[in-house]
Each structure stands twice: as structure tokens, then as C-alpha cells.
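In what follows, a single structure is set out as C-alpha cells and then discussed.
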Amino acid sequence: MTFSPESLPNRFDFAEAQPRIYQQWEAGKFFHAEPPPAGQKDPSRGPFAIVIPPPNVTGALHLGHALNNTLQDAQIRMRRMQGYNTLWMPGTDHAGIATQAVVERRLREEENLTRHDLGREKLVARIWEWKEQYEARILGQLKQMGASCDWERTRFTLDETCAGAVRQTFFDLFQKGLIYRGKRLVNWDTFLQTAVSDDEVFQDTVKGHFWHFRYPVIDPQPGEPTVVTIATTRPETMLGDTAVACHPHPAKALNTAEAELLERLAKAGTKEKDGIQAQIDNIRERRSSMLPQLETLAKMARDGRKLMLPLANREIPLICDEWAKPEMGSGCVKITPAHDPNDYMVGQRQQLPMINILNTNGTITAIREPSGRTNEFTEKYQGLPIKKARAAVVADLDELGLLGDVEDREIELPMSDRSKTPIEPFLADQWFVRMRDADNGAAGLAQQAMDAVTDGRVKIVPERYAKSYLDWLGEKRDWPVSRQLWWGHQIPVWTCMREMELPARRSVTDLCRDIEAFEREHPDSDLPTELEEFKQLCIDTQNRRIKQLREAYGDKVSAQIRFEPSSGNFIEFVCVQPNQDQIEKELEEAGFERDADVLDTWFSSALWPHSTLGWPEKTPALAYWYPTSTLITSRDIITLWVARMVLTGLNNMQEIPFHEVYIHPKILDGYGETMSKSKGNGVDPLDVIEKFGADALRFGLAALCTETQDVRMPVQFECPHCHALIDQTKQNRELPRIKCSKCSQEFSTQWARKEEDTALPRGPVVSERFEVARNFSNKLWNAARFALINLQDYSAGPVNEQDLTVEDRWLLSRLATVTKESTAALQEYRYADAAKCLYDFAWDEFCSFYIEIAKARLQNPAQQAHAQRVLANALDVLLRLLHPLMPFLTEEIWHNLNKLAPERGLNPVEASEFLIVAPWPEPDLARQDSQIEQQFSIFQQALAAIREIRSRQNIASKNQLEFSVQCTPAIANLLAPMAPYFQSMANARAIAWREKIEPPATNAKASLPGLEIYVDLKDFIDVAAEISKNEKEEQRLAAFIKSKESKLSNESFVSRAPAEVVKTEREGLAHAQQQLESVRRSLVQLRKMSP
RNA sequence: GGGCGGUUAGCUCAGUUGGUUAGAGCGUCACGCUUACACCGUGAAUGUCGGGGGUUCGAGUCCCUCACCGCCCACCA
């Protein structure tokens, strides 16, 4: 079977080639990596590994994923070719909340069922079905993009391997005391009865009220107020108040606030000034009207004055806390630690009790006082939904005469994105990972992760993102890891309540309260005997239990035991190691219950770099590829994911997870908005692949990937009828159907729901920004086609140094430079630079010059074999350099090239069968030759000048031109051999190369540094065009000269600028003057000719 | 409110340590089927470098300032 390159189509048929080539790569096992066998020397250049940021199984991949994975694959492919033992670890993320939410929504929409109707097991089974479907789709998309992942190692954050790692990590942290149980305010959705994450909460502005209440002071002293006024937008929360706060130093606080405002006023623009001034006036007014009272309140707080919380009849303290802002409201603020995030912080600072007032369904609960007893005064509110409770509380306070002003006010209300109902802050038991440093000052998890970046073990590129990483970790906030969901890793802790067995003469609750009070008031004294004995008994009981558990289960379990004063019970938390089913069973039989919550999704993805390699097993893969080489991801998960991987890596492996982190740009639409399905401006990579090909998608994305900017990508609908592109606007992007502006036929969009819409053919969302890359791949395809057609009688053989022509040496010099620069650019994640460098070289140098020149040489029997060998070599190198960005096209051409020129290179060697594993080109730096490049550039300029004359004189290319060149013998020697190429590339015949020539009678002239080109125009001359051109040139030069002269006549420039700069300016001036003279001479000539 | 980016041709973007009168692709205009490629070739036109100050012999580049756009974080009882 003979291969006939002429029969290749003149467009690269990517739709046919992509699946075929991908299948060949997979069959060749090129993606699969194994560590070198134990005890053997590593034959490779060493390990190189990237773990994929696992896409969520929530839905299909979008263009952002396409970018992310293109950039990874480019690194992987280059390193593989460079000889590294390269692993790209693929997988997907179970994405807890997001995935459960999607499935629950569908359940609701399609079957009108809630998760409670289905039950935990069945819901989880449904989510697994969803996962299987989307995982397959995601992996399919990655393959169509050409991702060279090691699919045999594909992991899922919820699979068995990852589950083992999660449990091991949890157990380890639990045992180290770095995991603890605590209360935390969560965003509670009372409708769905679930906690939602911060990013599922949106703020809605609604009309509300601002109610002022008066709380009576208990035993006010003379001169003190009898009531304290507070204000709230949520009256019902007062049932859970445990303090009222005022500022400790109101005068100082007012001063500070005023000073800050004054500072802002000085800087503010006119628009803001009025507002700020009003605030300042307010402060000044308050200073006279309210300050004395605020000072009194602060003193009362210090004296321990108490207030009587109405309705609940609860004694609550008046406290000092800086959270109270003297410049706002009444200057005092009610504190409800269990139902407001800020109050919660105050509560923690001030050790206030936290009183929950809500049931999970949003009705008022049976309120329990800190002492443990139920509050009988609030029974009447029990069971009321919030709205009714609010009205009742206001009415009751009014009746007591404690209601003050009621203002109308716009309120920012947090709403649940999922149910569109208001969010209630709700106190829930949660598990936390301790990020803070140890009490003895030893670096905690957060600090260790910070150190890894500050000392350079982990390098973040671009550097500025290290700041977000460090700032966020620097807060060292404990990481809440439990989620009230069903989809995820269930927390491996079993809990049991145990009653305190002790012959207490007094109630446990009282004893505890006394201990607490005594320790607070006499921190340095020993406890009284009774209390001390009780405390010791508690400790002994705990220790005895821990010992019992240890005896029963050894180190397979770790226990934390806590005493709860309010109930007098011990709570035992037992964390069980992985694969201890028997122990779990025994615990459950003994009355323990497993925690129903699951772990934060980021807990499992935090382990990704080592869990995917098999940890906690000591696998050879883990030993070989960990730490991985680089992580390529987007900036929005630097904190959520990157920081946590560093932290768990250091904890579990005692080693960083990766050496480098590259943060790539985000893809925005034409309006600068992030792409998302919910806006309708998302582009499906598969639509781009279908229209432009995978290589165009990849090259296009890489070319846009610059360091500082996000990628802005205007998108269009493609009409399925006539293929016209219709710009997407904010108006039309949410329509279910669109009428094509060109063919007037209609098509459907992603919003199509109704049958009449879905029946229409779908118009995909694409971007014409991929056209450039598609055109480029076609250019390459055809350049290769040309080469192949001309290589049919190729014979391998060495290329002798003395046979190299100027154009050969120019090309080899450029090739060396391009190899060096594009390699460096890729290695440094400067993708746009790499793409541009290769694009320019391939198109403007290889195609426009080398191939054009080759056309003449390949005709000449004496030069043909040599030209073929250099051409094959150049194409070979170019294919290898482009392969990471355009794998399919280059692989396809490589195979064709192998058929005609299996042995190639300046010293021919047999090419590898597959480009994907061909060696990466080494830049032949000895070939870099600036002199040759300069010489060649004279040829290029001369050629351009002749072409320009042809164009301005409007001379058809079929008419041959004659030209002569006035230049030095050196330049003549250089240009004379290029005569055939002037002929083939500009249809221009060289008459003479001399130092002095007689210009032809009718001529057009071009002057370049060191040479003058005269084109003999014969009958073609268009005098008017020539005059106009020269006049324009005259003007331009005159202006240029004028500016140069004024610069050079400037004394301070000449004396202060570096001599070199002055010299180039002088030379520039001289040359321009010469040119001007020449232009003027031509004009005189031309005007004589003009009628 | 805090932090980080951005603003250069109609559009999308480059622009090194300050140094000729600022570049590319697309689009526009003119010409063109010439031994691969019309998804092509040849040539042309196109800019108050967001505004205002400053430093400097010299500023798209450095400093200050204002305006606008985007992202992240924290948020007002």
C-alpha cells in the first residue's frame, strides 16, 4: 500500500482523527505510568506528577475546566517527551452539598419528593446513580480534549481508597486532639431543615422594622437609669438574650470613630462627602446628648449591674464589650449568642451562656435556662413560627410598656439560595479541626502550611497569590468539618451519653456552677474541699472510662469524654480506625450511635495528592511521585483547597504535596462576567471541539492565557441552519429560542423546556475566538501537506555543514531560538508566550519564508535532496514543539511524515513511531547566529519593498518586474544567491547588484539602510500613485527629522542621556535625512513625468 | 469596609531593566485562484496608551491622585 500525500484532504479532518488517535495512544499505554521496580535504577529523568483538580460530579465540564486541563496536559506532555516518568492522576469530586442539592432539586421537581420521603439510604443511592452518569460524561469530555491522564488510576473522592485515607486522617487528628466537638452557628434553612453553606446564602433587601425595647435595670442605684434601651430587627430573638452590652470606653470610641471619618472625609470624592459629614455630625451630636449616660452604663456594667429580661424573666448581665458601638442606635446592644454571628463572638469572648430558642423547623422551642430548667414564662410562644412569635413578643412588650419607637427600615436579609426562605443563624454541634497553634506555642496546622510557602518549599505562581494564601491561613480559624448532609464521608465517631454516678449531696449542676464561679473569681486559689473532690471524681471517672475502652479495643479507637454540667451526663465520643467493623458493631450494641453528619467535601479533597497515590498504604507510587511536581488550578480555591492540601500533606506525609502551584486566569464572557450555566453564557467545550477541533480549543485557550489578565471571551450562538454566528447579549442569552438574524429560522437554546422549543434544532454557544487557532491548525496541516508532497522521493542522509545555505542557517538559527524560548515559556507557565512564539515562527517564518523558498530549491535537482532533508528536519522539530498544545494534529502529521521520511535530522536517526513519546527537542544553541539572521532580514526587507511597490503601482503578479539594487559588494554577495527567491516570491528579476547603478528611466524606488532598490516600471507606471506615495513619505520624514533635531539640539538631552542613546538618535537622524533627500529627488523626477 | 487585578486600534490582547514617531490577531479597505493552504496570499489604513498631576534629558512603562470595571474576603443590632 503506497502513501500518496496528494490525496490528503486540504483540511485537517479532526472529527475523524481525534478518536482514532486517542484510541491509539490508549492502546499504546502511553498515559499509564509505573514507578521503577524496587531496587532498580530509575531509567527515566525522574518522577513528574500532577494531580487533577477533581471536577465536581455536579454537572458537565465548562470552558474553565477545558482551560485548566489543557494547561495541565501541556505540562504533562512536554515532561513526558522530556523523558520524565510522568503521571497525571485523574478523578472526580463528590462535591457534597452541591451534588446532593442538584439531586434533591430534581427529586422535588420531577417526583415532588423530599429527601425525608426517600430516606437516607435511598437518597444516597440516587446520588450514586447521578454520579455514575456525570462522571462518565466528565471523563469522556476530558478524553475528547486529549487529556493524557493515567485512567487506570482514576479516583473518586468518595471511593474506597479515598474513604480509607479520610478515616485514617480523621482518626489521626482526633487522637492528636486536633479534632474537637463544639458549637457553631450555621446558616439554617428552616424550610429544607438543613444547614447551607455560606455561598448558598444570598442577601435580599426587604422592608422591615427597627424596634426599640426597654429592659429594666435590677436595683438601680441613685443617678442610674432604670431601663436600658436596645434596638433590634428581629424581636423574637430577645427570648434568647443572655446579656446587654455597652462600650467600655464610649468617649474614646466616639473619638476614634470621628477621627476615622475625618480621615475618610479628607480622601473622599464629592459624592461621598455629604454622607460622611452627616455621620460626623451625628457623632458630635451624640457626644453632648448621650455620652454621660453611656459612661454611666459602662460604670454600671463594671459594677456588675444586672438587667431583667422581660417576658423570659431572666436575669442577664450588663457587660462591657467593644462590639457595642456608641455611635449607633441607643449605644447598647442586646446579645443573643445562639442566633447571631456577632453576638456569638461576643458570647465566646465574655463566656456568656448560649440559649437556643428554635426548633429545626423554625418554630419556637421549649427554652432551657443555663441551669437546665425549662423556662415556664416563655411556654406561650412554644410552637409559634418566627413571624407569629415576633408579633407576639412585640405585643407583649407593648403591653408591659417596654416598647419604644418602631422605625421603618430596609433590612439586608440572608436568604437560602435553595429554598428562597430566610436563613436563621442556628447553633449546632459541629466537629472542628484545630488550626491554631498549640497551647505551648508549637506551630499548629495553619502555621505549618504558612511556613511551607514563606520558606519557599511551595512556590506559588504568580507570586501575588501567595498573599491570599497567607492572609487567609494567618487568621488560623478552626475549620468546621461537619455538614448536615447525607452525601459524603460519614463522620467516624460513635457517641454515647452516660449518667454521672456519684453520691452527690447537691445537684451536679450546682456543683459545676460553683466550680466555674469560684475559678473565675479566685483564679489562683485552690478549690474548697467539696468542690475539689467533685472535680477529681469527674476526672477519675473519665480516666477510668478511657482505660476501659483502651483495654477493650487497644489503639483501634480513640476516645474523648466530656462532662456536660447542664444535664449531669458524660458524653463519650469514640473515634474508630478504618476497617474495624467488629468494633463498630460492638459499640452500637453497647448503646453508641454513629454521628449522622458527613464531612466537608474539602476534607476529602484536601488529601487528594496523597490519597490518590494509595496513602495510608505505603505504595511504591506514593513513594515515587509524592510530593507531586505542580498543581494547576484557579484562584478561587486557593484557600479552600490548596491551603488544606498543604496542611494535610504536612500532617499525614510530613512533606508538602507539591513543589509549585500555578494559578491560571478565569474565563469571562464578553461583558467581563464569569461564565456560568445559570447565566446562559457558558460554552460547552464539546461544542467548540465539534466546530473547531480539540487542537484549536487547546491552542486557543493557551494563547489567551496571559499572566495578569482574565480571559475575556465574547460568545455567540451558532445558528444550526446556516451556521451564522449571532452575538450573545444580556437580552438574548436567557431566551429559550432565538431567531437567526441571517436566515430568519429559529433554533433552541439551553433554556428550551416547552415541547415547541425543544423540537427546534439546538444552537450551540461558541466563541469565534477559536477561529484563529483553527486557522492555524489548518495552516500547519497544509504546510505539512506541501512538505509531504515534496518528500515522496526523500532519501535519508547527513546534511553537511558546507552545504547549508543562508536560508538554511537562518532557519536553523531561528529554530534554536524558538525551541529555547517556547520550552522556557511552557516550563514557566507562560502559555500565551509559548503559543505566540510557535505561532509566529510556524506561520511567518517557516511557512511564509522557508517553504516559499523551498519551492524553488525543490525544483532544482542539484539542491533537492538537501532541501528535503532540512525541510523534513524543521517540520519534525516544529511538530514536537507544538505537540503539547496541539496533540492530535501533530501526531497525525508525524505518522504521515514517518511514512516518507522515517529517518530524519541533520544527522538522521529513526523517528519514534508515536510523537507523544518522541524526545523533546534540545535547542541547538551553536546554531544561533545573529549575523545570519540580520542578513536574512535584509533579504526580507528588500522583498517587502518590492512587493510594496508592486502593490502601490497595482501591477498584477503575473507581470514580471525587473529591479536593480545599489549596495555594497558585501550585501550584493548576500543578496545575489537569493535571486531565485525574488523571482519565485515576488515575480521580480534582478538586473544588477552594484555600488553605483544608473536608475531606469521610469522607476519606483525604495531605500533601506545600506541599499537602494530601483524597480523598472516600464509601461506599468502610475505616476500619480508614485507621487502621492512620495509626498506622504516626505511629510512623514520631515516631521520625524524635526522631532529628532529638536531632541538633539536640547542641551540637557545631549549631556545627560547615555552616549549610546545619543548616538543612535544621531544615526537615526542622518538616515532619515538621506531618505528625505532621496524622496525629494524622486519627486522632482516624477513631477517632470506627470502631465 | 479590607485586599488583589485591570483600563493601550472598532473587538480581543502583547508591550522586558524608562530610550527611535507604540505592536499582534480578528475586523475594515485594495489587489490576487502564483507548485500546500480562500480556514489562503500580497499590500494599506487605523491610537490624546482611562483623566489629572509629578519625577526625568526622556514616561504606555516609575510615583501621587481621581474615575470606571472585575475578583476575593469581611460585614452594619
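Quick note on labels: first sequence line is chain A, next is B, and so on, each numbered from 1. Not measured: the values here are computed from a predicted model.
- Judged by distance alone with a 3.5 Å cut-off, no donor-acceptor contact links the side chain of Lys836(A) to the base of A14(B).
- Both Gly331(A) and Trp472(A) sit near RNA chain B, but only Trp472(A) has its closest nucleotide nearer the 5' end.
- Remark: Thr706(A) is in phosphate contact with A14(B), judged by side-chain N or O atoms under 4.0 Å from OP1 or OP2.
- You won't find any donor-acceptor pair under 3.5 Å spanning the side chain of Arg785(A) and the base of C37(B), going by distance alone.
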Using a cutoff of under 3.5 Å, can you pull out all pairs of nitrogen or oxygen atoms linking the protein to nucleotides 40-44 of chain B, with atom names and distances?
residue : atom : partner   : partner atom : Å
C40(B)  : O3'  : Lys779(A) : NZ           : 3.2
G41(B)  : OP1  : Lys779(A) : NZ           : 3.1
G41(B)  : OP1  : Trp843(A) : NE1          : 2.5
G43(B)  : O2'  : Ser951(A) : OG           : 3.1

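- As rounded to whole Å, 14 Å separates atom P of C72(B) from atom CD1 of Ile663(A).
- When heavy atoms are screened at a 4.0 angstrom cut-off, Arg774(A) is found touching base atoms of the nucleic acid.
- Side-chain to base pairing of Glu1067(A) with U20(B): no donor and acceptor N or O lie closer than 3.5 Å to each other.
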Handout entry: Which nucleotides of RNA chain B pair, in dot-bracket form (Watson-Crick or G-U under 3.5 Å, | meaning another strand)
Key = (((((((..((((.....[...)))).(((((.......))))).....(((((..]....))))))))))))....

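- C37(B) atom C1' lies 16 Å from atom CG of Asp13(A), rounded to whole Å.
- When rounded to the nearest whole Å, the span between CD of Gln859(A) and C1' of U35(B) equals 6 Å.
- Between the side chain of Glu852(A) and the base of A36(B), at least one donor-acceptor pair of N or O atoms lies under 3.5 Å.
- Residue-level contact check: Pro1058(A) touches the bases, meaning some heavy atom is under 4.0 Å from a base atom.
- A salt bridge between Arg1036(A) and Glu1033(A) is present, with a side-chain N of the basic residue lying under 4.0 Å from a carboxylate O of the acidic one.
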